[in-house]
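Written out below as structure tokens is the structure these notes cover.
Read the numbers this way: they start at 1 and go in the same order the structure lists the ligands and their atoms.
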Amino acid sequence: MDPLSDAVWGEILAHVRAHHPDIARGWFGQLQPGPLAQGQLTVYVADDAQLAYLSEHCTRPFTQAGQAATGRLISVDFAPGKSPTPRPRAGYNPLLMEEGSLQLSTDYTFENFVVGPCNQLAHASGVAVSDGPGHVYNPLFVHGSVGLGKTHLLQAICQRILERAPTSRLLYLTCETFVNQFVEAVEKGALHEFRYRYRHVDLLVIDDIQFLAGSERTQEEFFHTFNTLYQLHKQIILSADSPPSDIPSLEERLVSRFNWGLVARIDPPGLETRMAIIQKKMRMRGMELPDDVVLFIASRIKANSRELEGALTRLHGYAAVEGNRPIDLKLAQKALGEPVAAGRRTVSVQAIMDVVAHGFGVKLSELQGRRRNRTIALARQVCMYLARHLTDLSLAEIGGFFGGRDHTTVLHGYHTITEKRDADAAFRARLDEIEEAARQA
Ligand code: ADP
Ligand code: MG
């Protein structure tokens with residue numbers, strides 16, 4: 001027995017009003033559909049006169065409308081009384097709750113999504129699509145490798161749309177579910193229902209669409225689903241691990257359609273973004289981390305945000321084992337297994353300053369002074385960066401060496417150099433050379 005969704009019932013009423021305006025009445029809105037069972041839909045009517053009117057004039061129009069709205073051969077009749085099935089509560093989204101449809105995680109919202117240079121475009125287009133589904137970019141295609149926040153972003157879009165329009169018919173699922181349901185529908189001879197389900201939505205969101213490429217028939221089916229929704233200006237949002245043209249054995253016509261709207265790539269997060277994600281995730285767990293610990297984790301774990309999350313969980317666990325003691329750098333190093341490089345302590349700040357002063361053509365006194373000339377400022381930041389890498393000094397101690405600056409200035413210097421290093425190959429080579437020289441000094 002399927003409870004009839006609000007959406008389908010709304011469509012039945014609209015169909016009757018559109019095709020049989022002569023018999024439609026204002027009070028139709030008060031009718032209560034019962035469940036759809038064995039091809040039979042019973043509509044409950046509280047008022048005797050209304051029941052008589054419906055039974056006499058409306059059986060055929062409602063049956064036709066029911067068939068049009070469900071895509072099934074059903075018949076509609078009328079009965080006195082109230083519907084035995086309670087109506088879905090407000091805000092309940094029937095399609096979201098359907099079998100195989102994924103639940104949205106309350107953690108995966110826009111508020112919890114950190115925006116950085118790596119995901120700016122994907123984020124902005126996600127926001128735009130949430131504000132005007134079907135009107136800005138269609139489809140929106142987000143790609144990036146594993147753990148970079150695609151699922152998080154897709155769910156954030158779904159939740160924003162449902163907040164703004166709670167009755168949107170939104171179907172959010174993994175590609176795997178789409179494929180499985182298609183195969184099942186073929187086996188059961190229930191393609192009609194399958195198509196109805198996928199083609200009568202306002203928004204279709206499919207995660208990891210690269211799994212579509214496995215079968216020709218599934219691609220064919222999705223092609224038609226796509227076309228139908230696209231023509232109706234319904235929003236389609238897809239994610240994948242690579243851009244459309246790089247998905248192996250994806251048919252050309254799908255590749256071209258996936259490129260019709262906006263294709264947004266998510267890159268691995270840079271140091272600053274990793275730090276912001278760590279802070280966000282820790283706050284979500286009700287914890288604050290000192291800056292040097294955040295920097296330590298972000299420098300150690302670079303692959304993706306999922307690994308960051310794993311590291312935080314370990315850290316959390318270690319802190320709990322040690323009687324919930326505040327997390328400091330020592331604890332973080334223990335939790336994440338800091339490899340203590342041999343001879344690490346032997347690099348002195350003095351050696352770093354000597355090498356940098358030589359490499360940049362500045363004076364030692366300038367490195368330790370407060371002048372802000374560009375070359376000097378850069379050399380000073382390189383010193384901070386190397387001191388961070390090659391010594392065990394704390395941020396505050398490093399700041400002390402370089403003109404009495406506080407730990408945030410040191411942190412900022414460290415970021416600036418890290419980003420420059422990642423963005424500029426020539427700079428990186430020069431930095432590596434200086435670092436090597438400092439180790440040797
Ligand atoms: P993907 O689907 O791309 O493999 P997920 O969306 O599952 O990646 O993200 C993996 C983890 O990293 C999740 O816990 C997610 O919340 C987190 N994450 C990824 N990117 C961000 C971000 N920009 N801001 C906050 N958390 C993020
Ligand atoms: Mg994912």
Side-chain angles (χ1 to χ4, degrees), residues 100-130 139-161 171-180 204-213 236-244 246-247 258 262-289 294-295 297-298 300-317 336 415 419 422:
S101 194
L102 283 177
Q103 295 289 328
L104 299 172
S105 157
T106 48
D107 285 345
Y108 289 173
T109 57
F110 276 120
E111 288 69 37
N112 291 336
F113 191 82
V114 173
V115 186
C118 58
N119 58 23
Q120 213 156 23
L121 176 65
H123 173 265
S125 41
V127 170
V129 160
S130 316
L140 172 62
F141 190 101
V142 177
H143 70 93
S145 58
V146 67
L148 297 186
K150 303 181 295 294
T151 298
H152 187 144
L153 187 62
L154 257 50
Q155 294 204 11
I157 297 172
C158 291
Q159 307 201 51
R160 170 85 54 103
I161 287 176
L171 193 50
Y172 164 66
L173 66 169
T174 63
C175 185
E176 219 179 348
T177 306
F178 179 87
V179 172
N180 290 343
L204 180 63
V205 185
I206 301 192
D207 208 354
D208 291 319
I209 196 73
Q210 72 269 11
F211 293 121
L212 195 63
I236 301 161
I237 304 175
L238 306 169
S239 83
D241 61 358
S242 48
D246 290 358
I247 298 176
F258 292 174
L262 185 89
V263 175
R265 188 179 75 209
I266 303 187
D267 288 316
L271 183 74
E272 301 244 358
T273 310
R274 293 202 298 277
M275 291 182 68
I277 292 175
I278 292 170
Q279 269 149 348
K280 176 80 78 181
K281 294 275 177 194
M282 285 317 261
R283 269 181 214 132
M284 285 165 67
R285 294 165 190 238
M287 298 170 80
E288 292 280 341
L289 287 185
V294 173
L295 176 62
I297 303 169
R300 278 293 303 278
I301 295 171
K302 301 180 174 153
N304 64 47
S305 312
R306 194 170 293 164
E307 276 183 30
L308 274 184
E309 183 115 62
L312 297 181
T313 304
R314 280 224 316 271
L315 199 54
H316 203 159
L336 305 192
H415 293 173
E419 305 255 294
D422 292 345

Taking only heavy atoms of [X] into account, list the atoms of ligand 1 that are under 4.0 Å away from them.
{"X": "Asn119", "value": "23 (N)"}
{"X": "Asn112", "value": "24 (N), 25 (C)"}
{"X": "Val146", "value": "4 (O)"}

Which one holds for [X] and ligand 1: side chain close, backbone close, both close, or neither close, with close meaning a heavy atom under 4.0 Å?
{"X": "Leu153", "answer": "neither"}
{"X": "Glu309", "answer": "side chain"}
{"X": "Lys281", "answer": "side chain"}
{"X": "Val114", "answer": "both"}

Checklist entry - Parallel, tilted or perpendicular: which fits the ring planes of His123 and Phe113, with parallel below 30° and perpendicular above 60°? => result parallel

Checklist outcome for this item: Closest heavy-atom approach to atom 20 (N) of ligand 1 among Gly149, Ala240, Gly116, Cys118 is made by Gly149

Looking at [atom], what's its closest protein heavy atom, distance included?
{"atom": "atom 18 (N) of ligand 1", "result": "Ser305 CB, 3.6 Å"}
{"atom": "atom 6 (O) of ligand 1", "result": "His152 N, 2.8 Å"}
{"atom": "atom 13 (C) of ligand 1", "result": "Tyr108 OH, 3.5 Å"}
{"atom": "atom 7 (O) of ligand 1", "result": "Arg306 NH2, 3.0 Å"}
{"atom": "atom 2 (O) of ligand 1", "result": "Thr151 OG1, 2.8 Å"}

Item to check | Test of proximity, Ile277 against ligand 1: N or O pairs below 3.5 Å | outcome: no

Item to check | Under 3.5 Å: N/O of Gly147 near N/O of ligand 1 | outcome: yes

Next on the checklist: Any N/O/S atom, side chain or main chain, of Ser239 closer to the Mg ion (ligand 2) than 2.8 Å?
Outcome noted: no

Would you call [X] and [Y] a side-chain contact if the rule is heavy atoms closer than 4.5 Å?
{"X": "His152", "Y": "Asn112", "answer": "yes"}
{"X": "Ile206", "Y": "Thr177", "answer": "no"}
{"X": "Leu148", "Y": "Pro269", "answer": "yes"}
{"X": "Asp241", "Y": "Val146", "answer": "no"}
{"X": "Tyr172", "Y": "Ile237", "answer": "no"}
{"X": "Ser105", "Y": "Gln155", "answer": "yes"}
{"X": "Asn119", "Y": "Ile266", "answer": "yes"}

Next on the checklist: To the nearest 0.5 Å, what is the distance between OG on Ser239 and CD1 on Ile209?
Outcome noted: 8.0 Å

Item to check | Pairwise distance CD1(Ile157) to OG1(Thr109) - rounded to 0.5 angstrom | outcome: 12.5 Å

